[in-house]
There are 2 protein chains.
Amino acid sequence: MDERVPRDFETLRATILDRRASLPKRIAQIAAYALDNPDDIAFGTAASIAASAGVQPSTLIRFAQQLGFDGFTSLQQVFRERLRERNSSYDERLAALRAKAEEGAGHRAIFDGFVAAASTSLSDISRALNDAHFEEAIALLAKAETIYVLAKRRSYPVASYIAYALGKLKIRNQLVESAAGLNAEMIGFATPRDAVIAISFSPYAPATIEETRAIAEQGVPIVAITDSSFSPLAQFAKVWFEVAEADFGGFRSISATMALAMALTVAVGEKRRETGRRRKG
Amino acid sequence: MDERVPRDFETLRATILDRRASLPKRIAQIAAYALDNPDDIAFGTAASIAASAGVQPSTLIRFAQQLGFDGFTSLQQVFRERLRERNSSYDERLAALRAKAEEGAGHRAIFDGFVAAASTSLSDISRALNDAHFEEAIALLAKAETIYVLAKRRSYPVASYIAYALGKLKIRNQLVESAAGLNAEMIGFATPRDAVIAISFSPYAPATIEETRAIAEQGVPIVAITDSSFSPLAQFAKVWFEVAEADFGGFRSISATMALAMALTVAVGEKRRETGRRRKG
DNA sequence: TATATATTGGAATTAATATTTCATATTGGC
DNA sequence: GCCAATATGAAATATTAATTCCAATATATA
């Protein structure tokens, strides 16, 4: 194998497209197949790929050799590497991006970092979400007269989104904002027939904790979204979700929390529709 | 192979975690290795994997058999399938989830749908973001005296997050909220030395459009985040970003917009620090 | 502590897969 | 239309990899 052998998929792809016109019929056939079905090349055996592409295994090997590889196996490595790269653990990618951003690799690295942090967080929560807790939270919120939404600072955007979505779904809700300093009074109206969604992450906003405590003491059931079982919110909550958001450049992602919040909201709307139908029918 | 053999990676993972405690030492060792390095299982040979994990090839096969597979090869299929799946177009996955949710497959499907919508949106924006526009926007915002942040309704959570992050980075900013109905006056203070981040998606909130128009007429440069070149925001903006968010159950994701917003904010902070250093040094 | 049982290591065996070879077919140049 | 060069197909071979087997070791049980 000489030095000009394509080592990464993109180079390989470019090389193939470049030579396409000058390739013999069967070789061109397998070349086209390779670019169209890269996954098959990555996973198949020489025989299976050759069959799918309608050529002989030997043609496949000749194709590889024409490209400078010493056989099908080394060509296949490139196709496998591609899947690995794409799929390389988000954590590793994040670490790499952080290092890149550190050394001043430009602003694109910052953007990539936030995208990676969001993706990591989403795949984490997708794995970690407990179905039973989720159902429980939905049931609890669906039968509430009014849903109070409680969050400050970094979590406030989530709360405001929940309030917006609940509004669109015509579900009565109250966003507990601090603007006029009337939170205590607002909370005072809540009864055990209502429910609360409280969101707070370390370092927990004191106001959120305090208000959650107060409302819990009134017997209002609480669904908490927070970051660990040591969270002060967890002790007040009937149901709580642990959401681990990845951070980048000192700013934590918010995507997993958002996704959970949206799902909760829409599921509650769904549940109410179901229950409503059942009552009527 | 009986019928209870895990066919997909997540089931397999759960099965392994479930039995983890009761597995013999070497089997547990390979089990841990498998979950930590799924890609190696997908691509390696029995011998190479066994060596990396520090066990004998036969142990690897016993591990597979304990899980109900008839050999290493069929276990490996699951790990390969995972790479294929992950790589399969998000659009397809979203469509499948939508169908599932439609037919009332339970609330988990709703959650999965929102996670998938967020992931799709993130990978889309990651591909679509124009580096030059991004740099331009950063430059424009970095030299602003005050950054005005303008968004209502669905986009408001993004605006409130930007305001929070800018605050933490000690960058002067003004969130244009409608609470007290003083937006016009607030906007009146903006000068061409300031800058605006305006966010709006179809159906564009009339207030956002109107305020953006007003502030543009005062010569204040505008960075817009919106959803198409037909957006009324685009015509007022010096730089604008097109963000295509996937939707689920009638609610659009907000993750891509969030990631872009966070990246913009942090990059502006970064740029200011650089410029500051250069001025001093 | 003795015995049965389960687990592990490593070599032998079997299966599979890639590669080579060679006869045959096709193409391009004169 | 003929010859040389090139390309192709199919089977033979060499290589690599998975699996099995059995002896050795460790673990649990009575």
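By convention in this document, chain letters (A, B, ...) are assigned in the order of the sequence lines, proteins followed by strands, and residues within each chain are numbered from 1. Just so it is clear, the structure is predicted and the values come from calculations on it, not from any experiment.
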For B:Asp39 and B:Arg82, what are the C-alpha separation, side-chain angles and deciding distance, and is it a salt bridge (Lys or Arg N to Asp or Glu O under 4.0 Å)?
CA-CA 9 Å; B:Asp39 288 9; B:Arg82 163 174 162 276; 3.4 Å; yes
Could you go through residues 130-138 of chain A and list every donor-acceptor pair under 3.5 Å that involves a side-chain atom there, pairing it with any protein atom two or more places apart or in another chain?
unit_1   : atom_1 : unit_2   : atom_2 : d
A:Asn130 : OD1    : A:Ala132 : N      : 2.8
A:Asn130 : OD1    : A:His133 : N      : 3.0
A:Asp131 : OD1    : B:Arg108 : NH1    : 2.7
A:Glu135 : OE1    : B:His107 : ND1    : 2.9
A:Glu135 : OE2    : B:His107 : ND1    : 3.3

Residue pairs passing the salt bridge (Lys or Arg N to Asp or Glu O under 4.0 Å) test where at least one lies in residues 219-244 of chain A, sequence neighbours excluded:
A:Asp227-A:Arg252
Sequence-distant partners of B:Tyr33, ring pair (Phe, Tyr, Trp, His ring centres under 6.0 Å), two or more places apart
none
Quick one: how far along DNA chain C does chain B reach, first to last nucleotide 5' to 3', anything under 4.0 Å to a heavy atom?
C:dT7 to C:dG10
Rounded to whole Å, how long is the line connecting atom NZ of A:Lys25 with atom C1' of D:dT6?
14 Å
If I take atom CD1 in residue A:Ile30 and atom C1' in nucleotide D:dG9, what distance separates them, rounded to the nearest angstrom?
15 Å
Does the cation-pi check pass for B:Arg84 over A:Phe43, that is, NZ or CZ under 6.0 Å from the six-membered ring centre and within 45° of its axis?
no
Using a heavy-atom cut-off of 4.0 Å across all strands, would you classify B:Ile27 as base, sugar-phosphate, or nothing?
sugar-phosphate
For every nucleotide of nucleotides 15-25 of chain D, 5' to 3': is a protein heavy atom under 4.0 Å from its base (B), only from its sugar-phosphate (S), or from neither (-)?
--SSBBB----
All side chain to side chain donor-acceptor pair (under 3.5 Å) counterparts of A:Gln66, not counting sequence neighbours:
none
Testing the 3.5 Å rule here: is there a donor-acceptor pair between the side chains of B:Thr11 and B:Asp8?
yes
Any donor-acceptor pair under 3.5 Å linking the side-chain atoms of A:Thr208 with those of A:Ser200?
no
